[in-house]
Amino acid sequence: MRPVLVILAAFAVVTLLLAWSRWLAGRRWAASGQLLLATAASVVVAVVLPLSRYLAHYETQLDNLPLAELFFERIAPSRYRVKLTHLPSGRMQVVDLPGDQWRLDVDAPRWATWSAPLGLEPRYRIERLSSRSAGPAGEDPSGTADATSRTLAADTGPPPWLAGLGAGRGEPLLAPRVIHGQWQPMVPGGRLAVRLTQQGNLVVDPVNAPASDALAAR
């Protein structure tokens, strides 16, 4: 999206210069047409740019490829150091978490179906990593009442105005959606990969033997 905006902004500047030159040459009608084109291009850039900046905090979703890899190191009883590597960038975040189980939350907003002709790519960002003690979830069906969470993404504020375009007809251009993964066991020395499917599900795959053994035993 951003390269298109750069081209459109350059077009607006060139068109504005042409309008000025034609005005100086006395070609008033031609200058007015060029000025109208430059204004229209500038308005499009001004409206779309905030959405482009907002989406810059999200990654492009690649079909069925891992979005992150997690490695668990036990540093104390029921306490782990988790190294989360973002893929394919390789950026790493390290957090210490108490408990015996973990869960990943991903922010994956949905494009409206009517925007399909625009070819907009699905986006996501890893929002938080949570942990809890193993055992019954009690009265909380989601098991989050006693969970500890670590925020992994920076606060970008509310979506820009353009994201809500079409909300009055029941389908905004970009609708918020947070996907919660299932609770998984923390495995000492375990390495796991997390995928986000096109259906909006988080799938965990073992990468090494400790992770494979722990998931097979469930």
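Because only heavy atoms are used, hydrogens play no part in the values below, and waters and symmetry mates are left out as well, while side chains stay in. Please read all numbers here as calculations on a predicted model, not as lab measurements.
Gln93 and Arg91 get closest at one heavy-atom pair: CD-NH1, 3.7 Å. Of all the heavy atoms in Pro210 and Gly189, the pair that sits closest is CG-O, 3.9 Å. For the pair Val187 and Ala214, the tightest heavy-atom approach, listed with the atom from each and the gap, is CG2-CB, 3.3 Å. Closest of all the heavy-atom pairs between Pro172 and Ala175 is CG-CB, 3.9 Å. In plain terms, the two heavy atoms of Ser130 and Ser149 that are nearest each other are OG-OG, 2.8 Å. Residues Ala68 and Leu87 come closest through the heavy atom pair C-CD1, 4.1 Å.
A donor-acceptor pair under 3.5 Å is absent between the side-chain atoms of Arg132 and the main chain of Arg103, judged by distance alone. A donor-acceptor pair under 3.5 Å is formed between the side chain of Ser131 and the backbone N or O of Pro98. At least one donor-acceptor pair under 3.5 Å links the side chain of Arg123 to the backbone N or O of Leu55.
Cluster annotation: Val45 and Leu118 are assigned to the same hydrophobic cluster (Ile/Leu/Val/Met/Phe/Trp/Tyr, side-chain heavy-atom contacts under 4.5 Å, transitive). Following chains of ILVMFWY side-chain contacts shorter than 4.5 Å, one can reach Tyr54 starting from Val44, so the two form part of one hydrophobic cluster. Val43 and Leu16 sit in two unconnected hydrophobic clusters of ILVMFWY residues. Membership requires side-chain heavy atoms under 4.5 Å apart, directly or through other members. Both Val48 and Trp114 are assigned to one and the same hydrophobic cluster, defined by single-linkage of ILVMFWY side chains at heavy-atom distances under 4.5 Å.
Residue Leu215 is found in a hydrophobic cluster whose other members, listed by chain and number, are Leu67, Leu70, Phe72, Tyr80, Val82, Leu84, Val95, Leu97, Trp102, Leu104, Val106, Tyr124, Ile126, Leu129, Leu152, Ile179, Met186, Leu192, Val194, Leu196, Leu202, Val204; membership requires side-chain heavy atoms under 4.5 Å apart, directly or through intermediates. Leu62 belongs to a hydrophobic cluster whose other members, connected by ILVMFWY side-chain contacts under 4.5 Å either directly or through intermediates, are Leu65. The hydrophobic cluster around Leu17 extends to Val13, counting ILVMFWY residues whose side-chain heavy atoms fall within less than 4.5 Å of a member. In this structure, Met92 shares a hydrophobic cluster with Val94, the cluster being traced through Ile, Leu, Val, Met, Phe, Trp and Tyr side chains under 4.5 angstrom apart.
Applying the salt bridge (charged side-chain N to carboxylate O under 4.0 Å, His left out) test to pairs two or more places apart or on separate chains, those with a residue in residues 177-201 are Glu69-Arg191, Arg195-Asp205. Pairs of residues two or more places apart, or lying in two chains, never qualify as salt bridge (charged side-chain N to carboxylate O under 4.0 Å, His left out) while including a residue from residues 17-29. Annotation: side chain to side chain donor-acceptor pair (under 3.5 Å) contacts involving residues 155-174, sequence neighbours excluded, comprise Thr113-Glu171. The salt bridge (charged side-chain N to carboxylate O under 4.0 Å, His left out) pairs that include a residue from residues 70-89 are Arg81-Asp96, where partners are two or more places apart or lie in different chains.
Here Ser78 contributes atom OG and Gln101 contributes atom CD; the two are 10.5 Å apart, rounded to the nearest 0.5 Å. Put simply, CG on Leu165 and CG on Leu51 are 10.0 Å apart, with the number rounded to the nearest 0.5 Å. For the atom pair Thr60 OG1 and Glu121 CD, the distance stands at 4.5 Å (nearest 0.5 Å). Going from atom CG of Asp105 over to atom OG1 of Thr151 covers 9.5 Å, rounded to the nearest 0.5 Å.
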Task: Step-by-step side chain to side chain contact (heavy atoms under 4.5 Å, CB included) determination, Val207 to Phe71 - done: CA-CA 10 Å; Val207 176; Phe71 178 76; over 6 Å; no
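When the salt bridge (Lys or Arg N to Asp or Glu O under 4.0 Å) test is applied to Asp100, no partner is found at least two apart in sequence or on another chain. Residues forming a salt bridge (Lys or Arg N to Asp or Glu O under 4.0 Å) with Asp213 (at least two apart in sequence, or on another chain): none. Legend: residues meeting salt bridge (Lys or Arg N to Asp or Glu O under 4.0 Å) with Glu59, ordered by chain and number and at least two apart, are absent. Looking at residues two or more places apart in sequence or on another chain, you find no side chain to side chain donor-acceptor pair (under 3.5 Å) involving His57.
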